[in-house]
Colleague: 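Quick one: the structure is below, questions incoming.
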Amino acid sequence: MAAKLSAVLDVHQWNTPSYPTDKKQPPPYFTRISTHKRFTISCTSSKSPPKLSPNNKTESSSRKRKNPSLSDQLKPLSTTILADQPPNPHQSPQQQKLLSKPKSIWVNPTKPKPSVLSLQRQKRSSYSYNPQIRDLKLFAKKLNDSDPLDEAAFQAILAEIPHPPNRENALLVLNSLRSWEKTLLFFNWIRTLNLFPIETIFYNVTMKSLRYGRQFQHIENLANEMIENGVELDNITYSTIITCAKRCNLFDKAVEWFERMYRTGLMPDEVTYSAVLDVYAKLRKVEEVMSLYERGRASGWKPDAIAFAVLGKMFGEAGDYDGIRYVLEEMKSLGVQPNLVVYNTLLEAMGKAGKPGLARSLFEEMVDSGIDPDEKTLTALIKIYGKARWAKDALELWDRMKSNGWPMDFILYNSLLSMCADLGLEEEAEGLFENMKGSEYCKPDSWSYTAMLNIYGSGGNVDKAMKLFEEMSENGVELNVMGCTCLIQCLGRAKRIDDLVRVFQISVDGGIKPDDRLCGCLLSVVSYCDGEDVNKVLACLLRANPTLVAFIKLLEKEETHFENVKEEFKGILSNTAVDARRPFCNCLIDICRNRDLHERAHELLYMGTVYGLYPGLHTKAAEEWRLNVRSLSVGAAHTAFEEWLGTLTKMVQRQEALPELLSASTGAGTHKYSQGLGNAFASHVEKLAAPFRISDNKAGLFVATREDVTSWVQSRATSLASTT
DNA sequence: ATAGGGTTAG
């Protein structure tokens, strides 16, 4: 597959009529290669920790006080991004060679301008008015209404066609059929009548219906028939084939048919071209998309809003903020006005890139430009504000939605509920939930119930959560794995272990497949349970993830060697979803600490660090070193703090240099229900009699000066010496 | 749905 893609992207293999064959000529994309270069840098910048390659994304959601317009915020971009950059070591030797001579420009006026796409869009023949339209529409309706399984009935209706099936009449009916099966039957009937030659448009219309039914194989068969029968395949044919392949996830087929266009000397127009851009974008082949894009630009193509929506979506999926900025810049410099879809795509992309402030600016820019948001716009924005914990903005937007009468749909209702769950807005959620129950078309479904379970679960409202659980089975709404997790978390915290076991069993018996999050949740319950409860929860976990239970047993055995723990733990992490790895490690550390297996806890924390589960745990600036424990569980935070004190102690003893300030950050706990870590950390600091004090001006920060730490170490050494 | 390309939920 990879070889095939790179072959397609090598212009020299494209046998296009206007392409220069002289290899000494510079390739056409030289003219814009410096633009492409920006990209290769921004998209290859992500680093992966060793071995397990967990791609922990850090959500940067720091709130900006000022709110300049988006174009103002982008201004510095044009000064920084356009500067020449050093060659990127990640690029292929071929790319590097090209980049080393950025001055090379396509200058050969005697040859035609090399082109990868036709700047003229394929023209469509216009329909002439068909006086028989009423009769034929009625006929098509009969065909549509006939029993889909009864082919004989269909044939019987065909015989009663009210007007002769000439070219125009046949096209009209063919265009009116809904199911692909009937379209195909009608198409074949017309063919067997043999009244007129079957032109490209008949194939195209039939293929469109087949694409709607995702019948790629039928489409490909028809395309091959066209080739056999000498019927021309045009841009409409190809774009239909390519997009059908794409929707069926047959990306190699999409590329194969795209290649064939050039091979047969047909130049794609911008519709086909942007369809192919989307194929590569769906394959997450960012480099290839940009290469195609740049070559299209070099051919004189002025991309339209749809092409930019494709790019925006791709960069959003990659969480690539530089890419998103590039799309905005490029549209601005080409004078392409974003439409609603482009705005929606870019807003979503901003969310995925962790830029809520820029999403907000972009939204205001959109509204100011006179474009009204639709359900998708609002869904994207509500989700962003919820994830960023921007309660004020979320509620303001909600008010605006109501006062402006902006459109709502089911997904938006559920997104509002999820946002309430993210922000802990219990009353607002309850009001909305009641509205939904009273509505006709937006009755709560499993998503809605999950959001409510999430709210009650994280709020510790176990009775309301259980009431919802009963209500769900009464209303025939199925619990899903996330709702189950919320409920179990809540029951665990309330120590209602028998209810927990019951919910777990009903869920698994009902077909819920426990995922890593649910296992992590059970694991956390294990960490703070005692007595017989531990075994009850472990029995659930055994059903969901037996390896994990075996690992806990291994940790508990005193004779277990570190090497053994290391090996087993690596295996477990490798088989765990990336975003569940840190919670697993946190819980396992807690389990060890609650069983006085402190040495094990330190071993686990060490391995978690090695595998990149705790990036930025320790940061060193010239004047301050900081231990960042905000993503750690209580036990893991204690373990990390002990580890750090040990290191500091050794450094003092060896008289190594310390910075002026030492600090430990537990975070302020932006979530309404997450205040536990700071308190637990404070009492642990006290228990250890460590010299750290709660900072006066920054919440969730514990600070000590170099002198504090030094004298603390020395006094401890003295007291130890005097007791022995 | 009247021959072709792009966007919404843990």
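In what follows, every chain begins at residue 1, and chains take the letters A, B, ... in the order their sequences are listed.
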Colleague: Once you round it to whole Å, what is the distance between P of B/dG10 and CG of A/Asp445?
Modeller: 13 Å
Colleague: From the set B/dA3, B/dA1, B/dG5, return the single nucleotide nearest to any side-chain atom of A/Ile236.
Modeller: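 Looking only at side-chain atoms, A/Ile236 lies closest to B/dA3.
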Colleague: Is it the case that the base of B/dT7 and the side chain of A/Asn344 share a donor-acceptor contact (distance under 3.5 Å, atom types as modelled)?
Modeller: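 Indeed, a donor on one side and an acceptor on the other fall under 3.5 Å apart.
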Colleague: Kindly indicate whether a cation-pi arrangement holds for A/Lys253 with A/Phe216, taking the cut-offs as under 6.0 Å to the six-membered ring centre and within 45° of the axis.
Modeller: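 Negative - A/Lys253 is either too far from the ring of A/Phe216 or too far off its axis.
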Colleague: Regarding A/Val341, tell me which of base, sugar-phosphate or nothing describes its non-hydrogen contacts under 4.0 Å with the strands shown.
Modeller: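 If one applies the 4.0 Å heavy-atom cut-off, A/Val341 turns out to touch a base.
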Colleague: Can you tell me, in whole Å, how much space there is between the P of B/dG5 and that of B/dA1?
Modeller: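 It works out to 13 Å between them.
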Colleague: In terms of side-chain heavy atoms of A/Arg247, which of B/dA3, B/dG5, B/dT7 is nearest?
Modeller: B/dG5
Colleague: Taking any heavy-atom pair under 4.0 Å as a contact, classify A/Thr377: base, sugar-phosphate, or nothing.
Modeller: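 It contacts nothing in the nucleic acid.
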Colleague: Side-chain N or O of A/Arg178 less than 4.0 angstrom from OP1 or OP2 on B/dA1?
Modeller: no
Colleague: At less than 3.5 Å, do the side-chain atoms of A/Thr272 and the base atoms of B/dG4 form a donor-acceptor pair?
Modeller: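 Side chain to base: pair present.
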Colleague: From the list B/dG5, B/dA9, B/dT2, which nucleotide is the closest neighbour of the side chain of A/Glu348?
Modeller: B/dA9
Colleague: What does A/Asp278 touch in the nucleic acid at a heavy-atom separation under 4.0 angstrom: a base, only the sugar-phosphate, or nothing?
Modeller: sugar-phosphate
Colleague: Which one of A/Leu395, A/Asp393, A/Leu423 satisfies the side-chain contact (heavy atoms from CB on, under 4.5 Å) criterion with A/Tyr385?
Modeller: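 Considering A/Leu395, A/Asp393, A/Leu423, a side-chain contact (heavy atoms from CB on, under 4.5 Å) with A/Tyr385 is found only for A/Asp393.
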Colleague: Any side-chain N or O of A/Lys208 under 4.0 Å from OP1/OP2 of B/dG4?
Modeller: yes
Colleague: Please pick, from B/dG4, B/dG6, B/dG10, the nucleotide with the shortest atom-to-atom distance to any side-chain atom of A/Val342.
Modeller: B/dG6
Colleague: When we call it a touch if two heavy atoms are under 4.0 Å apart, what does A/Tyr212 touch: a base, just sugar-phosphate, or nothing?
Modeller: base
Colleague: Walk me through it: do A/Trp180 and A/Tyr212 pass the test ring-ring contact (aromatic ring centres under 6.0 Å, His included)?
Modeller: CA-CA 7 Å; A/Trp180 64 268; A/Tyr212 194 76; over 10 Å; no
Colleague: Counting just side-chain N and O atoms, does A/Lys246 come under 4.0 Å of either OP1 or OP2 of B/dG6?
Modeller: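 Answer is yes, contact under 4.0 Å.
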Colleague: Rounding to a whole Å, what distance do you find between A/Phe202:CZ and B/dT2:C1'?
Modeller: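 Rounded to whole Å, this separation is 13 Å.
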Colleague: Is it true that A/Arg360 and A/Glu364 have a side-chain N and a carboxylate O under 4.0 angstrom from each other?
Modeller: no
Colleague: Quickly work out the A/Phe187 CZ to B/dA3 C1' distance and round it to whole Å.
Modeller: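 The answer, rounded to whole Å, is 12 Å.
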Colleague: Take the angle between the ring planes of A/Tyr293 and A/Tyr326 and call it parallel below 30°, perpendicular above 60°, tilted in between.
Modeller: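 Perpendicular: the ring planes of A/Tyr293 and A/Tyr326 meet at over 60°.
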Colleague: On a plain distance test, is the side chain of A/Asp304 in donor-acceptor contact with the base of B/dG5 below 3.5 Å?
Modeller: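 Donor-acceptor pair under 3.5 Å: yes.
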Colleague: Base, sugar-phosphate, or nothing: which does A/Thr237 touch, judged by heavy atoms less than 4.0 Å apart?
Modeller: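 Counting heavy atoms under 4.0 Å across all strands, no contact is made by A/Thr237.
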Colleague: Return the nearest nucleotide to the side chain of A/Ser239; candidates are B/dG6, B/dG10, B/dG4.
Modeller: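 The closest nucleotide is B/dG4.
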Colleague: Using OP1 and OP2 only, check whether a side-chain N or O of A/Lys137 sits under 4.0 Å from B/dT2.
Modeller: no
Colleague: Check this one for me: any side-chain N or O of A/Lys282 less than 4.0 Å away from OP1 or OP2 of B/dT7?
Modeller: yes
Colleague: Say we look at B/dG6 and B/dG10: how far apart would their C1' atoms be, to the nearest angstrom?
Modeller: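 Result for the C1' pair: 25 Å, nearest Å.
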Colleague: Is it the case that B/dG10 (base atoms only) and A/Asn454 (side chain only) share a donor and an acceptor within less than 3.5 Å, ignoring hydrogens and angles?
Modeller: no
Colleague: Could you tell me the separation between the CG atom of A/Leu210 and the P atom of B/dA3, rounded to a whole number of Å?
Modeller: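 Whole-Å distance recorded here is 16 Å.
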Colleague: Does A/Arg121 put a side-chain nitrogen or oxygen below 4.0 Å from OP1 or OP2 of B/dA3?
Modeller: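 Answer no for this pair, as no side-chain N or O of A/Arg121 is under 4.0 Å from OP1 or OP2.
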Colleague: Decide if the gap between the ring center of A/Phe433 and the ring center of A/Tyr449 is smaller than 6.0 angstrom.
Modeller: yes
Colleague: Using the C1' atom in both, what is the distance from B/dT7 to B/dA3, to the nearest Å?
Modeller: 24 Å
Colleague: Looking only at side-chain atoms of A/Thr243, point me to the closest of B/dA3, B/dG6, B/dG5.
Modeller: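 Nucleotide nearest to A/Thr243's side chain: B/dG5.
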Colleague: Between B/dG6, B/dA3, B/dT7, which nucleotide has the shortest distance from any of its atoms to the side chain of A/Thr345?
Modeller: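 It is B/dT7.
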Colleague: How about A/Phe186 and A/Phe154: are their ring centroids closer than 6.0 Å?
Modeller: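 No: the rings miss the under 6.0 Å criterion.
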Colleague: Nearest to the side chain of A/Ser415 - B/dA1, B/dA9, B/dG4?
Modeller: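 It is B/dA9.
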Colleague: Of the options B/dG4, B/dG10, B/dA3, whose atoms approach the side-chain atoms of A/Ile201 most closely?
Modeller: B/dA3
